[in-house]
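Read through the structure below, which is laid out as structure tokens, and then see the notes.
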Amino acid sequence: MPAEFLPGDAPQRGALSFEEQDFIDRLIASHQGQPGMLLSLLEEIQERQPHKYLPADYLEYLAARTGIPGAQIYSVATFYALFNLKPQGDHTICICRGTACHTRGSRDLLERMKLQLGLVPEEDDGSADKLSMTTPDRRFTLRTVACFGQCALAPVVEVDHAIHGHVNERALDREVDALRKGGA
Amino acid sequence: MPRITDLSSFNEAREAGLAKLLPPTPRIAIGMGTCGTGNGAEAVLQSFSDAINQRGLSIALARTGCFGFCAAEPLVNVWLPGKPLVILQRVQPNDTAAILDDLTAGRIPAGLALCRIDEWDHITGHVKYGSGFPEIPLWNEIPFFKGQKKIVLRNCGLIDPTDIEEFLAVGGYQALYKALIDANPASIVESIKAAKLRGRGGAGFQTGSKWEFLSKAKADRKYLICNADEGDPGAYMNRNEIESDPHSLIEGMIIGGYVTGASHGIVYVRAEYPLAVHRLETAIHQAEEWGLLGDNILGRGFNFRLQLIEGAGAFVCGEETALIRSLEGKAGRPTPRPPYPADSGLFGQPTNINNVETWYNVAPIVVKGPAWFTETGSPKSPGTKVFSLVGKVVNTGLVEMPLGTPLKTFVYDVGGGTANDRAVKAVQTGGPSGGCIPQEMFDTPVDYETLAQLGSIMGSGGMVVMDEDNCMVDVARYFIEFTHSESCGKCIPCRVGLDKSLHYLNRITQGKGTEADLATLDELGRMIRDTSLCGLGQTAPNPVLTTMRHFRHEFEDHIRASRCRAGVCEDLALSPCENSCPLHMNIPRFLQLLKEDRLEDAFVSVVMDNPLPASTGRVCQHPCDDRCRRSGIDSAVNMREVHRHIADSIYPSPRFPDLVARLSALRKPSTGLRCAVVGAGPTGLACAFYLRMLGHDVMVYDSNPNAGGMLRYALPDYRLPKEVLDREVELIKLIGVDFTFNTRVPADISLNELDQRYNAVFLAIGTWKENWVYLPGTELTGVIPALPFLESVSKRETVPLGKRVIVIGGGNAAIDSARTALRLGSGVTILYRRERKDMPAIPEETEAAEAEGAKIAFLASPHRIVGSPDGRVTAIEAVKTRLGEYDSSGRRRPIPTDEIVRFNCDTVILAVGETVDIDFAKASGLKISDRGLIEVDRYSLETSRSKFYAGGDLITGASNVSGAMGLGKKAARNIDKRLTGLKRWRDLFPKFEYDQAAPAHPSDSRRHHVRELEAEDRARTFSEATVGLTSVEAMEESCRCLRCDVRTGDH
Amino acid sequence: MNNKISIRIDGELIPATPGASLLETALAHGKFIPSLCHMKGLSSVGACRLCLVEVAGVNRLLPACTTPVQDGMSVTTQSDKLRRYRKITLELLFAERNHVCAVCVSNSHCDLQSLAQRLGVTSVRYPYTFPKVPVDLTHKKFALDQNRCILCTRCVRVCAEVEGAHVWAVSSRGVGSRLVCELNRAWADSRY
Amino acid sequence: MSKAKVATVWLDGCSGCHMSLLDIDELLIDVLRKADIVYGPLVDAQEFPDNVDVTLVEGAVSSQDDLRLVQKIRQRTKLLVSLGDCAVTSNVPSMRNPLQPKVLLQRAYVEGADVNHRPPTDGVPALLRHAVPVHEVVKVDLHVPGCPPKADAIAFVVTELLESRKPDLAGKVKFG
């Protein structure tokens, strides 16, 4: 059941501006009691951030205002692939690791991008095929997605939300070079 | 605001919609699904819109969804009043001007036309477009659509998904209207049950039964959920369905709500499908405005609310209990059933979940009845299913086929087979929960039960075609990696069991696996399947269990021979070219050495990898070309010609003696062990070379007076000059291999004698027996087999050849015979029973033969040879063939027609394949395989008789030079290991220091080809037909290498 | 509705209460079915899969903890297959994290350890993972060593269902799943 | 009847399992009547002999030396027994495994040292990335867990083996 709002539970950390608090309050009001409320709240909070992530302050405030236990919010925020707890790069390059893309060589593209962006996975990064890595200068985030559902265009890469089909290493290199030169 | 409350307002809206679909002006509708926009449909739309405005044309411009043929996107529908709808394919912005010119002139741009539609059955409605354009094929006449039956996709790609009026025009909401007017919910549940509609999400549970449970549940509030969290990698039908026809989903759900008493509906859509989310939101909003959704629907007092929730990326939410937890604001971890959702689902209320595609079948069943529905498909699985056909087929896209259609129809007929000449190996169905079905089983009908029997499942309908370039161990590893990272972690078998399975699979792909690992994987897979909490875990082992069942040899290759034939498992290959080379030459190394101007080192590198580099440099089938990654940029590095150049630069040069000395210095100290090699062909020579280098005493026996086998006696001089071969044989003699010529085994020396005299014997006799097809007339004078013909010419014997020669066959021997006959002054025609692309001969050779004047008659199967009364050939008659069904080689089988063609001729050369004469083996205790070849252990090449090994054509049948040499090399390695008990093979090869950096930018140079002499000149002579690369060209070729062997990053 | 029904467990006829689970019924009658995630007084989650049993007429294994008894049900709790699968399950748990029984504070009063002994697990056939997992020593009275955690979630449920505090949850997924205190705080900083 | 050849080996462990072996007390006399102990910390033999009937291995495989020795032992032994938790589970030696050996040596020999701030190199075998149980590197015929295994359990195992029976340890032993 959707948790009830506990009136005594004031926000503990005042890191959010009034505007931000107001944003969350209105968001909660528009979804209150609906199925899928927490997912929708988190999706909209993340979408509002320029660096597409869920800042801890927001989650604290959200917990306090909705009465949803912090542990549950954290559990949800770390369970779903869409949510980020760390800021993402200015540009996101997302390589599809779906079956069709895999059979058409998306792993080579992934390796090529790691090389291009100078990203070296840490030892405890788990498997090299499932990742989200951001360059230290926060210009680029490289990540993978299970499948874009664009299998007929395999291999598929999404660069800043634009889908590119039938990508080869050279085309991808050019794309990244262009972003680099494009500034910001 | 329009609101539909009665029949007349309904009809008004339909009329308005129809006026948009069939306006008085021409209409252009652009396919704007995600696959269309991914291929540039936005720009096409813009271009049309600009041009129409600029020219002030009276043309209706619209957007539509996707018609399913993704490989031909962007698709554009054009319609002229009274004419059929024509679908244009691969339309680019710069095509638009011409298209508009044509349309305004009342024409159809024929060059771009894919197909036409005269009328369309929308199931709940019908649209007549018009007639005409007979030159354009009807939609279901073209291979991709042939056999498809569009029930689910009835509206996709034909109407504007953002316009409810168009949907109404083709019969939309008709079923809802009927349901509400009839007001008999129970009868609709009965219809769905009678239609035996099964859940299209994968499990295949009866939808009618689920609805019945929910309708009987007592509660204040009941929920209906549409699962649109399509997470199977490789499946995307739900995305397209929602993007192209969102209202059909809404209609299905409202009907479902009405008959089950549910007041609330939720569509749970993947957030990765932004366009689908947007279109569905628009459609929900429209339906509410029109009084079709919300309160008091159609004025009949029924209320139903529909809400859209974006899923945040968790494959496990395809599991119904996980999806419900997700909607409750929790992590998507499944919970045990019971309680079943129909009793206690979302927030504890009765709930029913169906997949997107299931909902699309509701309206057609309501309107047409269950009997109509069960006409299609198989008795247990009626109806159709949408599949996403992707991977290694020419025609990729969404395919709606009746259930029960055999797999081969999908792969070969609809998909059109593979684009290149690689054979299809398997189809993966059902995504991570499914399995791989091997090519031998493509007759399998695709339905729930049959796929399950093969260890796979239908799943949501993903169908990924795989060819020889796909490694099945990697495929298994890939899927386990996927389910491993999508496992929710709640139950132990799935969480830890998949982690350990992945560990073993990783080990195998790295060449570190053991055979015990296979048993462990199998046991673990069964345990995970039988004990996991939810469907994800229960089906996750399927990809491993099926690949181990159907492709066990590939697992064994990885484990026993550290070999990944497909070249996918990087740890097992130096580079793609090395992996494809039957001799496993270190190609990047000799290219780099040459690039560093170290010709002598390059020569040593080449010869140590391949003892006949000048010969193979001319005649190898060069599989490396197909694998070269440079071909992704322009074209493959010409590796074969570079090693030919290296060899040609050293053999005739004064440096040769020094290099012989250098090679001799690499030879291991004498072991005193004696080895015999029977057959001085390429296989035998390769084996002898390595055995000698390993320090053994080697004697080679051959029935001919000189070494080289096929290279000498079957390859014409213009392909391989004898002096080139002589120099290579000389090198082998100089390092100390002994030869005994003019000696036959077993006529002159028996196997028992060999057994007594030698510590090991390698049998490498070639294919000297020509297959003899039975044809009336083969006994006539002037009919000659290819190999003896080529041999006679090689030995400079005179061969009586007529003026008009017919060669039968399509392999290298056929082409060699043709080109040889041309050089002897004859006119030549080749008869081949299949098509050009099916010819086994090297394509360059075939082209050269044609350039020199040979004619080729394809699809011609010899029928009888006609002779004169004195028994001489005068003509040959051939039956024209047509191509029929696909056979097990993935080629279409030639089927004879009634048409007979006659070719006058005086000589017929039969080149229909060669076999090995193994009569000798039968008598000497060597086991013979089913194929009539000597049986050996695949990995060690040991025969059934101890001490005896066999390789080359004796174990594979007729093959190519490099492949045969590869087996000779492998035999030497195994013989040495057995004789000495040591693993010292690697020590034999010298180490080279050379640059280990990949070029930062690929060099600009284009591929250098060998220069052929002018066809007219070379056709008169047996001197070599091609001139090798120059030093500069060879150097430039070397610089083109991308150095895939250089390891970077985390290795 | 409170009519007694009866079921058979390993052939023995046993009276049962409608609505009760197979596991409760078996345990109440001294029948041993192994389990690690079940705890009396908490909801059942069916996570450890150790209590899987065979039920006549059902072609898959059912978890005793979440399967309600039905009159006439015939249950097998011991078979070669079940024994094999239970051993594999325990071995997977031992391989997953760093259970160094010899130096563990729970040595000799640990359900995992004693179950392994009882079911005859004397070694682990799967390679150990040796993951790096957090240890929270911030709390004055308690320590949380996730090296030993088997994700049975008994603690999560006690905290939520008995205490009503909802301090704990499981974060992430798959083998990366970890127990988490509120919004990933140190235990000492939690509200409780 | 000739005596069985028995060996014991001490890899990465604390020798507690050997102590427990000695704790079988008077049974030792019986054992020595039926078997010769041909190699081990308790006897003075330099090279592991050939054709050993039973070898009891204590300790985890932690270093290159452990690895080589246990491989040699496997080749020369008919029946190999993992004795105690270190051999069976890698136990305490495995507690270093989540860390890289490099980091570990740094911590122990550089940060934690008073003098000679560097890891020893002379005559010290290189550490493997992980300390692993014996059965992860060679085939093991019998596992006797326990830290250490109780003397009764060892006595049972040894007696059964010398009678050529495979001991059934279910319920008799535990980890820890």
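Since this is a predicted model, take the numbers as computed values, not measurements. Proteins come first, then strands; the chains are lettered A, B, ... in the order of their sequence lines, and each starts at number 1.
The part of C:Arg84 that comes within reach of chain B is its side chain, from C-beta onward, which places non-hydrogen atoms under 4.5 angstrom from that chain. Both the backbone and the side chain of C:Ala95 come within contact range of chain B, with heavy atoms under 4.5 Å apart.
Residues from residues 516-523 of chain B that place a non-hydrogen atom less than 4.5 Å from a non-hydrogen atom of chain C comprise B:Thr520, B:Glu523, given in numerical order. Residues of residues 526-539 of chain B that come closer than 4.5 Å to chain C, counting heavy atoms only, are B:Arg526, B:Met527, B:Asp530, B:Thr531, B:Ser532, B:Leu533, ordered by residue number. Below 4.5 Å, heavy atoms of chain C meet heavy atoms from B:Gly489, B:Lys490, B:Cys491, B:Ile492, B:Pro493, B:Arg495, B:Val496, B:Gly497, B:Asp499, all part of residues 489-499 of chain B. Close approach to chain B, defined as a heavy atom under 4.5 Å from one of its heavy atoms, is seen in C:Gly46, C:Ala47, C:Cys48, C:Arg49, C:Leu52, C:Arg60, C:Leu61, C:Thr66 of residues 46-67 of chain C, taken by number.
A salt bridge links B:Glu486 to C:Arg173: one of the charged nitrogens lies within less than 4.0 Å of a carboxylate oxygen.
Taking a 6.0 Å sphere around CZ of C:Arg178, one finds it holds more than 12 heavy atoms contributed by other residues, nucleotides or ligands. In this structure, B:Gln510 places its CD atom where more than 12 heavy-atom neighbours from other residues, nucleotides or ligands lie under 6.0 Å away.
For chain C, the option among B:His503, B:Arg337, B:Arg333 with the highest count of heavy-atom pairs below 4.5 Å is B:Arg333. Note: C:Pro127 leads C:Ser172, C:Gly176, C:Ser44, C:Pro127 in heavy-atom pairs under 4.5 Å with chain B.
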